[in-house]
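Take a look at the structure set out below.
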Amino acid sequence: MSQIPTSVITWYKAHGRDLPWRQTADPYHIWLSEVILQQTRVAQGLAYYNKFKEIFPKIENLANASEDQVLEQWQGLGYYSRARNLHLAAKHVWNELKGQFPQNYDGLLKLKGIGDYTASAIASFAYHEDKAVVDGNVIRVVARLFGITSDVRQGKTVQQVKKIVDELLPKGNSYLFNQGMMELGALVCVPKNPKCSQCPVSENCFARRDGQTEEIPFKSKLKEKRIRFLNYLLLKVGDELFMTKRGPGDIWEGLYEPILFEDERAYEDVGDFVQNKTFNLPEKYEYIRFIPAQKHILTHQELWVSICLISLKEKPKGLSGIWIKENETASTPKSIIISKLLSELNSLQLHLNFN
Ligand code: SF4
């Protein structure tokens, strides 16, 4: 066990990828990379990281940007709350902390949207603080190395892994060890068919020795959720939006929403909405905006929700629902998902002024 850190660091120095956020000690840039890379593949995240660094090179640029500007650059990454939190935290650092980024784990943890993982990563990579950085890759490597068979979805298993990494941390070089463990999980100790013959710690590995690399880590199955595709059409005429009230016997009873087409699939583009012949839509539109289906998880349902905004000159006839002034939608009862979709439509540079 004592040689594990040295083996991992030596391997990392020889085989680690040359990624731009590894070439900097700037906590702001490291923070950007960590937030962008959450639930994003490196190839996709790289383009966003470079773009953010170019447009908002310093934290003051991000802090002084409008939310629309930040969201505009974030488009396509999903999870817009991450961008909003990033922006809020940048404003806080710039306005309340006099531009001074927190210098350690405890200070970082106080920033909006920064949890244990991100605070540990910034503290380790920017300040070389001896903190264990435990992401999904590290959990897999440690579970296999030490034969941890309990469910990695459980918090106590993650804590067990964290404790082991904490004990392994080579003081002073822990940032290299953390990077190495994450990279080992990303490149060698991959979920299926790990490349044990290329692994620097294979001699120490429980799962390899016992032939259990497919069984470990154990991840309990999530209870199957009902999958639904909700495709919304939002009509806008002048400064009014059309909404309908949901009936009983389903989620969001009594709340308002745009016209819903629940289907067996997510609508992939504007044409899916326009060609829907449920009612007679005028042929001329002033403009159209579309947000492709995003996944939303409820307790027992997985929803794929898309929305299309069509601005018309005249109100179509025969619709059953209400027309609401844009500036009154805030006080119209609606689900969080609809609120989010409306605010995302707002962020598409339309200056629609509703939420
Ligand atoms: Fe993963 Fe194989 Fe290395 Fe064990 S020996 S840590 S299973 S890659």
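Just so you know, ligand 1 is whichever comes first in the structure, and atom 1 is the first atom listed for that ligand.
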- Task: Can you establish whether the number of heavy atoms outside Glu214 located under 6.0 Å from its atom CD is more than 12?
- Result: yes
- Note on the structure: Ranked by distance from atom 4 (Fe) of ligand 1, the top protein heavy atom is Cys205 SG, 2.3 Å
- Enumerated ligand 1 atoms positioned under 4.0 Å from heavy atoms of Ser202: 5 (S)
- Query: Do we see a donor-acceptor contact under 3.5 Å between the side chains of Arg84 and Ser343?
  - Reply: yes
- Does Cys199 bring an N, O or S atom to within less than 2.8 Å of atom 4 (Fe) of ligand 1? no
- Task: Would you kindly specify which portion of Ala207 sits under 4.0 Å from ligand 1, judged on non-hydrogen atoms: side chain, backbone, both or neither?
- Result: neither
- Item | Those atoms of ligand 1 less than 4.0 Å from some heavy atom in Thr213 | 7 (S)
- Message: Do Trp304 and Glu302 pair up side chain to side chain, a donor and an acceptor below 3.5 Å, judged on atom types alone?
- Response: yes
- Query: Is His15 close to Leu187 at the side-chain level, that is, under 4.5 Å between some pair of heavy atoms?
  - Reply: no
- Message: Can you tell me if, anywhere in Cys196, an N/O/S atom lies at a distance from atom 2 (Fe) of ligand 1 that is smaller than 2.8 Å?
- Response: yes
- Message: If the threshold is 4.0 Å, N to carboxylate O, is there a salt bridge linking Lys91 and Glu96?
- Response: no
- Query: Taking NZ, NE, NH1 and NH2 as the nitrogens, is one of them in Arg17 or Glu183 under 4.0 Å from a carboxylate oxygen of the other?
  - Reply: yes
- Note on the structure: Atoms of ligand 1 under 4.0 Å from any heavy atom of Cys189, numbered from 1 in the order shown, are 1 (Fe), 6 (S), 7 (S), 8 (S)
